[in-house]
Amino acid sequence: MKFDWTQGALAEGLRLYHAGEFFTAHEAWESVWLGAPEPEKMFLQGIIQVSAAFHHLQRNNRLGTVLLLQGALRRLDRYPASFGGISVTLLCDDVRECLRRLEAGETATQLVSPRIRRSAGL
């Protein structure tokens, strides 16, 4: 499966995610996830979990945020540095940093959502 982050549901989800509309981004990506084969399906699930985690954070559900970020990291860590046109290394590093900061007791307003960026050269 080839991902196209420039149009369609993937692009719309990315736009929504960057706008802080995490629940709606999750919904856009889920429409693609439903029909995706493996290994793309698990990759998308990891990205969806990152978005869902920040939706939970917006609703002051720290435990839900931590659990979703941990689940996302377990999925995304299996992929190479770049997969599906996304910099997996950057995303996983940011998820780890968010988890570290949550463990340190930082508030939701002090956190920045993990960067979901297209891989260099794409």
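All values reported here derive from a predicted model rather than from experimental measurement.
Of the possible donor and acceptor atoms, one in the side chain of Gln49 sits under 3.5 Å from a partner among the backbone N and O of Ala72. At least one donor-acceptor pair under 3.5 Å links the side chain of Thr65 to the backbone N or O of Leu57. Not one N or O on the side chain of Arg59 forms a donor-acceptor pair closer than 3.5 Å with the backbone of His55.
The salt bridge (Lys or Arg N to Asp or Glu O under 4.0 Å) test applied to Arg15 returns Glu12, not counting sequence neighbours. Remark: Arg101 engages Glu106 in a salt bridge (Lys or Arg N to Asp or Glu O under 4.0 Å) (not counting sequence neighbours). With sequence neighbours excluded, no residue satisfies salt bridge (Lys or Arg N to Asp or Glu O under 4.0 Å) with Asp4.
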Task: Full working for side chain to side chain donor-acceptor pair (under 3.5 Å) between Thr107 and Thr109 - done: CA-CA 5 Å; Thr107 64; Thr109 58; 3.0 Å; yes
Open item on the list: Is there a side-chain contact (heavy atoms from CB on, under 4.5 Å) between Met1 and Val32? Walk through the geometry before answering.
Closed with: CA-CA 11 Å; Met1 174 178 185; Val32 178; 3.5 Å; yes
- [ ] Before giving the answer on side chain to side chain donor-acceptor pair (under 3.5 Å), spell out for His18 and Arg117 the whole-Å C-alpha distance, their side-chain angles and the decisive distance to 0.1 Å.
- [x] CA-CA 10 Å; His18 290 147; Arg117 299 280 189 262; 2.9 Å; yes
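The aromatic rings of Trp29 and Tyr17 sit tilted relative to each other, their planes meeting at an angle between 30° and 60°.
The environment of Arg96 atom CZ is dense: over 12 non-hydrogen atoms of other residues, nucleotides or ligands sit within 6.0 angstrom.
Separating the OG atom in Ser82 from the CZ atom in Arg118 is a distance of 10.5 Å, to the nearest 0.5 Å. Of the inter-residue distances, the one linking Ile48 atom CD1 with Phe22 atom CZ reads 15.0 Å to the nearest 0.5 angstrom.
Under the 4.5 Å side-chain heavy-atom criterion for Ile, Leu, Val, Met, Phe, Trp and Tyr, Leu91 and Phe3 are members of the same hydrophobic cluster. Under the 4.5 Å side-chain heavy-atom criterion for grouping Ile, Leu, Val, Met, Phe, Trp and Tyr, Leu16 is not connected to Ile47 through any hydrophobic cluster. Cluster annotation: Ile86 is connected to Tyr79 through the hydrophobic network of ILVMFWY side chains, with a link wherever side-chain heavy atoms come within less than 4.5 Å. The hydrophobic clustering, which links ILVMFWY residues whose side-chain heavy atoms are closer than 4.5 Å, places Leu76 and Leu111 together.
Val112 places none of its side-chain heavy atoms less than 4.5 Å from the side chain of Asp94. Residues Leu102 and Leu69 meet the side-chain proximity criterion, which asks for heavy atoms closer than 4.5 Å. A heavy-atom distance below 4.5 Å is found between the side chains of Lys41 and Trp33. In this structure, the side chains of Glu38 and Met42 come closer than 4.5 Å at one or more pairs of heavy atoms. No side-chain heavy atom of Leu14 sits less than 4.5 Å from a side-chain heavy atom of Leu10. Phe83 places none of its side-chain heavy atoms less than 4.5 Å from the side chain of Ser119. Side-chain contact between Cys92 and Leu73 is present, with at least one heavy-atom pair separated by less than 4.5 Å. No side-chain heavy atom of Ser51 sits less than 4.5 Å from a side-chain heavy atom of Phe23.
The minimum heavy-atom distance between Ala36 and Leu44, with the atom names listed, is CB-CD1, 4.1 Å. Nearest heavy atoms, Arg75 versus Gly46: CD-N, 4.1 Å. The minimum heavy-atom distance between Pro114 and Phe54, with the atom names listed, is CD-CE1, 3.2 Å.
Note on Glu97 versus Arg100: salt bridge recorded, some NZ/NE/NH1/NH2 to OD/OE distance being below 4.0 Å.
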